[in-house]
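Here is the structure we will look at.
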Number of protein chains: 4
Amino acid sequence: MPFRSGIHFLQLPGPTNVPERILRAMSKPTIDHRGPEFKEFGAKILKELKDVFQASEYVFVYPASGSGSWESGLVNTLSAGDKVLRFDAGFFSEMWGLVATRLGLEVQVAPWDWRLPVDPAALVKLLTADPNHEIKAVLIVHNETATGVVTDIPAIRRAMDDVGHPALLMVDAVSSACAMEYRHDDWGVDVTICGSQKGFMLPPGLSFCAVSSKALEVHRSTKGFRSYWDWTDQMTFEETGYFPYTPATNLLYGLEEALKMLREEGLQNTHARHARLGEATRRAVEAWGLQNFCSDPSAVSAAATSVLMPEGTDANLVRTICLEKFDMSLGGGLGRLNGEVFRIGHLGDVNDLMISGTLCGVEMALSIAGVPHQSGGVGAALEFLASQ
Amino acid sequence: MPFRSGIHFLQLPGPTNVPERILRAMSKPTIDHRGPEFKEFGAKILKELKDVFQASEYVFVYPASGSGSWESGLVNTLSAGDKVLRFDAGFFSEMWGLVATRLGLEVQVAPWDWRLPVDPAALVKLLTADPNHEIKAVLIVHNETATGVVTDIPAIRRAMDDVGHPALLMVDAVSSACAMEYRHDDWGVDVTICGSQKGFMLPPGLSFCAVSSKALEVHRSTKGFRSYWDWTDQMTFEETGYFPYTPATNLLYGLEEALKMLREEGLQNTHARHARLGEATRRAVEAWGLQNFCSDPSAVSAAATSVLMPEGTDANLVRTICLEKFDMSLGGGLGRLNGEVFRIGHLGDVNDLMISGTLCGVEMALSIAGVPHQSGGVGAALEFLASQ
Amino acid sequence: MPFRSGIHFLQLPGPTNVPERILRAMSKPTIDHRGPEFKEFGAKILKELKDVFQASEYVFVYPASGSGSWESGLVNTLSAGDKVLRFDAGFFSEMWGLVATRLGLEVQVAPWDWRLPVDPAALVKLLTADPNHEIKAVLIVHNETATGVVTDIPAIRRAMDDVGHPALLMVDAVSSACAMEYRHDDWGVDVTICGSQKGFMLPPGLSFCAVSSKALEVHRSTKGFRSYWDWTDQMTFEETGYFPYTPATNLLYGLEEALKMLREEGLQNTHARHARLGEATRRAVEAWGLQNFCSDPSAVSAAATSVLMPEGTDANLVRTICLEKFDMSLGGGLGRLNGEVFRIGHLGDVNDLMISGTLCGVEMALSIAGVPHQSGGVGAALEFLASQ
Amino acid sequence: MPFRSGIHFLQLPGPTNVPERILRAMSKPTIDHRGPEFKEFGAKILKELKDVFQASEYVFVYPASGSGSWESGLVNTLSAGDKVLRFDAGFFSEMWGLVATRLGLEVQVAPWDWRLPVDPAALVKLLTADPNHEIKAVLIVHNETATGVVTDIPAIRRAMDDVGHPALLMVDAVSSACAMEYRHDDWGVDVTICGSQKGFMLPPGLSFCAVSSKALEVHRSTKGFRSYWDWTDQMTFEETGYFPYTPATNLLYGLEEALKMLREEGLQNTHARHARLGEATRRAVEAWGLQNFCSDPSAVSAAATSVLMPEGTDANLVRTICLEKFDMSLGGGLGRLNGEVFRIGHLGDVNDLMISGTLCGVEMALSIAGVPHQSGGVGAALEFLASQ
């Protein structure tokens, strides 16, 4: 790699820029995870993590990628042959479905427009068409990281309640947690899936799974082949302060610091900051005359914005210029969106000048790539940021 | 916790003392695991990791605990109802069996003496009694972390070959890798299981799985419900430099540094150092008039020594004194050995004076605890260390 | 302090943003500075440091601030009552003169315009008026950190040579080293003064002093009261690899890494990068309709730009807004310039997007502060950066 | 250098083992030392530092080696030609005298036995012989780092008071501070000299100078050539929170953490820990049949022990073996003691097992070097440590 001066702009929708406080916390010496010091430390983290998800039952913490918790949610509550419902609403919805299929579940896929949030009315219709309650779980991605479209989870819950369907509601909050409001208990979510490398500002390697009492009940009565992900084992952590197997101690040190930072900022302030940076980004996109891939203005994301390229232009060229000339990583179009969108992450440990510098990089790359656009995107963002 | 000066002596058989070089390497900024820099980095690690295991096919790296690779090995080559054979040779043998049972496998348990290595002759007898080859895999722990007993893997392989039994040979090398010679290919191992927090000197959070071409063949023809652990996905890493899902980037930075350190020392020198520290420890134990739990002198461990307590004394009291008075963590007796042994780790980033200080701590704790013993254990160790 | 997300923009003309590579290097364990490992390490640093200053004799490294080397240069070559000449060309020129006065030297001050570089012709005139060579040293600041004005050192040397004046030429390169070309030997400088916290990208705490053979000769024949700064002692470092007293070991680890980074980038590339960032900054200032405090376009600085405020506006208000609203530190007006200028550092470990973000912050702060200016500064900078 | 596993045993009487907490604190990003955050931070450190020295007036903090404060104390209170008194009581006493000589002071040297503390009665005699009060300052090293001999400072003060001599009392507490009781105010010390790399557990690079109101008075009336060390400038730090020149910010981060650790342990506990480790070391030395260089049992040091070698043996051989075979740095004999003693540091961030490991290394090195000695040194130390 050529020599690079200064800070790399890691403006992905994850992994996000890890604050140096967290990096330093992670460099503390590893301790005995069976000793009294860890016991106290583990119990503290668990309690604080519940506050973030607003989940009063359990939040399980796995040494794993976020995708591990997809598997955890599925194998703990479902048996091979069970049916789950997902909407074709984005790449991560697709991937989640693939995991379910591989684990032997039957996946009912409702066709959907990737540019729109899942419509509760559509869900009502699908659940109504399932009088025998064959659908055991509804899988919804809160913030589709691939599209920057946010689905209204409380409305989804109401839809399920309205038709009185007993399926579990499983929500992927991987890229929404910390960036926008999320209330596991109040919203009636049964299983919340999350990872460490986005709003939590940590490196990848930890996977979170918050569960409702209903999900636990289902778990207890579900036979299935599971060991690493088994919730019953994980519950011992809360009771004893010890993990069922060796935890990723140093990543947990980072988590402890992340939770401290979230408390210091105040979750509502964290959400407001993300909303602010998202708005600045969208103003720039609009001023450039480009389109937000999310076509529903009420469903735009505080975590990431997917920018749809004009016909005949290549999103990956913009990304390559950003990386090679300006040392900035943007997200690419995933799956069928490859080359058609690039994604700007405004998620995690980001502030006004970082997002300003980011938009400057994008504006320059658009010019260099010869993408037809209006100038003034950065100006529009600055005007917004200066005025608030 | 009370204030503690100086260095904590983490003399467990894992997690082990993480060198500051590795801790610092882990504190580098997280990068895009889909970018070109990671690609090069990932490919390099993978190659070097093969050298350590002496495995020419694949070594898979999971963001997971070591126990994750137990699951990986089983779900990728076996189907529910398949039979595996294990010996009742220690706590981790037991745990591995439990994982297999939970995953729906039938586990045949051969009774064994925890103080002895698995005898190839016993295996021959068991395999001979299986003319229909119902046993699909033989599970052997190379170095039983709970007992400090080492089983001779090449002899196990010869036993299987001698009777021409086609079962896969799966070996848990979690606490032997790097501490003693290990040759995945040459020894004919099909699946090697390992973790990061022992001989690799890393914090926990990475899980390794080395596989043979035979294991891969079996994998390809084995239907089963697996996603997170699926080898076919993992193989793309080697081919593309990219993980199938988000890898634990910062732990991989640590792994890169660990592999660098292992090369700098030279694997044979690393083994010799462990052998030396193990011998010093055993000389101290013998001089104290205590027993090594391992009752076969040809099967003693270079990684850890389990010390059997005299009747009527409590191993945990010795450990508590070491922790509270001398800020040293020793391993406890696991499972049925609780209270009966304590375990001294001499594994990982340890040197002569660290093991000397460790033995000093044990000698003082034995006195304080009133455990009947001869003085002179430290002296015997020093005499050995000074003479070599 | 309120909670701050993301990276602080430390856009001072020093201390500058310390790269994480250097921060990590500094966190290595302290070693014995009298042992063989240090000897090798010290010798290596010294050699590489000479390359940076392009100085073939000695570069002394003090555990001290940059101002320590002012004192070092003076006490090693001059005796109380000796006369030195300085131009009234900026705040640091003033401070250097103050140090000289306190050390008992007679300081002849040539009046000068702070907005202009020192004119060699003026120096010729002053030296011609000193036929008895009472002036023992000429003190010139290469890049006046307080004004962003660069004096042409080779031209100064030629002026001295032209009149055949034997005074020593002492140059303060504190904020120019690494940011722009500097050739101690070729330019005929006798004493070069420098510190660690600017172009060297290090935290403060190291002070550098490069000397010519002529300066060493003068040193040897100069009686004076000196101990900590004594060059004769320092010379033993080069010969033995050991410092005359305890060195700042961990800052030296940082220096080792900084020298490595400078080699990796290539000094000429480092200079070109600074020139580029300086040009971008000046284009923004010009587009805003504000004045560069440096009124000679051929003397503008690659390290820092001082922006002169319109009448009736307060530079410190702009700085306060930058700090409190945008978490960015700018330099203030020093001495008589307090409130009249603010200074943008584009020095050290800075890249395109960092300077872009910086200029965004300034543009927003100008608006918020109600400073009369044209919009478009950022746009002009981006246009330049994208086009190169 | 050959590859080294595990922790280096840095058992010098300075620099001492820097705790990882401090190393990590030092790796925080450098901030603007003229900004509001630093102001608060600087003021806090200064206050806490006074508590450690028990000094109510000023403690100045220089970016410098400890030897810088020798110079600071001298140039701020004395003028060229003034007389100071020192005892020939060790290497650092010698060096301090050399600094004074170089700074133009007249140094009266009282012959003394390096193996003994300075006797107040001898001082009485010398001061009585100075009826005109030509001696302006008495220079005493509290704990002679080179010999491990401690002089009783309150008794020295009483001696000066008894004869009513107005000389300033300057005390070098470089290796005693934090390791043993020290009371700047109560003991009537006028100038206390200290550095960062011993009891403060920091890397080298900070120099401390605590002063009495009498010293400040003398300072104000003393003309002299001084700039970097000038106390009047330094006093502005306390008043404004800002240093007169750029401070060593990252070392100050380390100091903040060190002060926190000292508070957490409690200064009296810190002293007791050092006393304990010193006693263990001396018991080992005695059991080996070797001599403590300090021949007065009431003057032994809690910071370091100098071990006198039997005739015909070479201390440096023992040190070389410790370094090369056991990766442990011991102190060598300084000046006239070169080869005759080696020094064991038991100072700073050290605990029972570290000192045990240290003594094991020494015992093995004595054997390997063929130094005539009794075995059992380690045993005697362990017996003591286990019994307390």
Side-chain angles (χ1 to χ4, degrees), chain A residues 1 7-8 10 12 14-18 20 23-24 26-37 40 62-68 70-71 75 80 98-100 102-104 195 197 202-207 225-230 243-251 254 323 329 332, chain B residues 1 7-8 10 12 14-18 20 23-24 26-37 40 62-68 70-71 75 80 98-100 102-104 195 197 202-207 225-230 243-251 254 323 329 332:
Chain A
M1 311 296 291
I7 288 154
H8 177 71
L10 186 73
L12 304 171
T16 62
N17 171 49
V18 180
E20 48 84 21
L23 291 170
R24 280 187 286 111
M26 280 175 44
S27 69
K28 289 189 290 188
T30 306
I31 58 169
D32 180 7
H33 57 280
R34 303 279 173 215
E37 188 178 346
E40 207 176 301
Y62 295 99
S65 289
S67 46
W70 278 344
E71 187 154 331
V75 299
L98 182 60
V99 169
R102 288 175 166 197
L103 294 172
Q197 76 275 19
L202 288 163
L206 293 180
S207 194
F225 299 142
R226 61 192 177 234
S227 175
Y228 194 80
W229 311 111
D230 194 90
F243 275 93
Y245 38 72
T246 313
T249 307
N250 290 53
L251 290 172
L323 184 59
S329 297
Chain B
M1 311 298 289
I7 287 153
H8 177 72
L10 186 73
L12 303 172
T16 62
N17 172 49
V18 181
E20 48 84 22
L23 290 170
R24 279 187 287 110
M26 280 175 45
S27 69
K28 288 191 290 188
T30 307
I31 59 169
D32 181 7
H33 56 279
R34 303 280 174 214
E37 188 178 346
E40 206 176 301
Y62 296 99
S65 290
S67 46
W70 277 343
E71 187 154 332
V75 299
L98 181 60
V99 169
R102 287 175 167 198
L103 294 172
Q197 76 275 19
L202 288 162
L206 293 180
S207 193
F225 299 143
R226 60 190 178 234
S227 175
Y228 194 81
W229 311 110
D230 195 90
F243 275 94
Y245 39 74
T246 313
T249 308
N250 290 53
L251 289 171
L323 184 59
S329 296

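Below, all heavy atoms of this structure are taken into account, side chains as well, without hydrogens, waters or symmetry copies. All values derive from a computational prediction rather than experimental measurement. Order of the sequence lines sets the chain letters (A, B, ...), proteins ahead of strands, with each chain counted from 1.
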Exercise. Grab the two heavy atoms, one from Gly254(A) and one from Leu202(A), that are nearest each other, plus how far apart they are.
Key: C-CD2, 3.2 Å
Self-check item: Worked verdict on Tyr62(B) versus Tyr245(B) for side chain to side chain contact (heavy atoms under 4.5 Å, CB included)
Solution: CA-CA 10 Å; Tyr62(B) 296 99; Tyr245(B) 39 74; 3.4 Å; yes
Quiz prompt | Residue part contacting chain A, namely of Glu37(B), when any heavy atom lies under 4.5 Å | solution = both
Quiz item: Picking from Pro29(B), Pro204(B), Ala248(B), which has the most non-hydrogen pairs under 4.5 angstrom with chain A?
Solution: Pro204(B)
Quiz item: Where do Arg102(B) and Asp230(A) come nearest, in terms of heavy atoms and distance?
Solution: NH1-CB, 4.3 Å
Quiz item: Checking heavy atoms, do the side chain of Pro247(B), its backbone, both or neither come under 4.5 Å from chain A?
Solution: backbone
Quiz item: Among Gly205(A), Ser65(A), Pro36(A), Ser27(A), which has the most heavy-atom pairs under 4.5 Å with chain B?
Solution: Ser65(A)
Quiz item: Quick one: are Leu251(A) and Leu251(B) in side-chain contact, heavy atoms under 4.5 Å?
Solution: yes
Quiz prompt | Contacting region of Val99(B) [heavy-atom separation from chain A under 4.5 Å] | solution = both
Quiz item: What are the two closest non-hydrogen atoms of His8(B) and Leu323(B), and how far apart are they?
Solution: CE1-CD1, 4.0 Å
Quiz item: For Ile31(B), is it the side chain, the backbone, both, or neither that has a heavy atom closer than 4.5 Å to a heavy atom of chain A?
Solution: backbone
Exercise. Would you mind checking which part of Ser67(B) comes under 4.5 Å of any heavy atom in chain A, side chain (CB onward), backbone (N, CA, C, O), both or neither?
Key: both
Self-check item: Side chain / backbone / both / neither for Gln197(B) at chain A, heavy atoms under 4.5 Å
Solution: side chain
Quiz item: In terms of heavy-atom pairs under 4.5 Å with chain B, which of Leu98(A), Val18(A), Leu12(A) leads?
Solution: Leu12(A)
Quiz prompt | Portion of Thr249(A) that has a non-hydrogen atom of chain B nearer than 4.5 angstrom | solution = both
Exercise. Considering non-hydrogen atoms only, spot the tightest contact between Glu71(A) and Tyr228(B) and give its length.
Key: OE1-N, 2.7 Å
Quiz item: Heavy-atom distance under 4.5 Å to chain A: side chain of Asn17(B), backbone, both or neither?
Solution: neither
Quiz prompt | Residue selection (most heavy-atom pairs with chain B, distance under 4.5 Å) from Glu40(A), Met26(A), Arg34(A) | solution = Met26(A)
Self-check item: Closest heavy-atom pair and its distance - Pro15(B), Leu10(B)
Solution: O-CD2, 3.4 Å
Practice problem: Go through the atoms of Leu103(A) and report whether side chain, backbone, both or neither lie under 4.5 Å from a heavy atom of chain B. | Solution: both
Practice problem: Evaluate the criterion side chain to side chain contact (heavy atoms under 4.5 Å, CB included) for residue pair Arg24(A) and Leu23(B); output intermediate values, then yes/no. | Solution: CA-CA 9 Å; Arg24(A) 280 187 286 111; Leu23(B) 290 170; over 6 Å; no
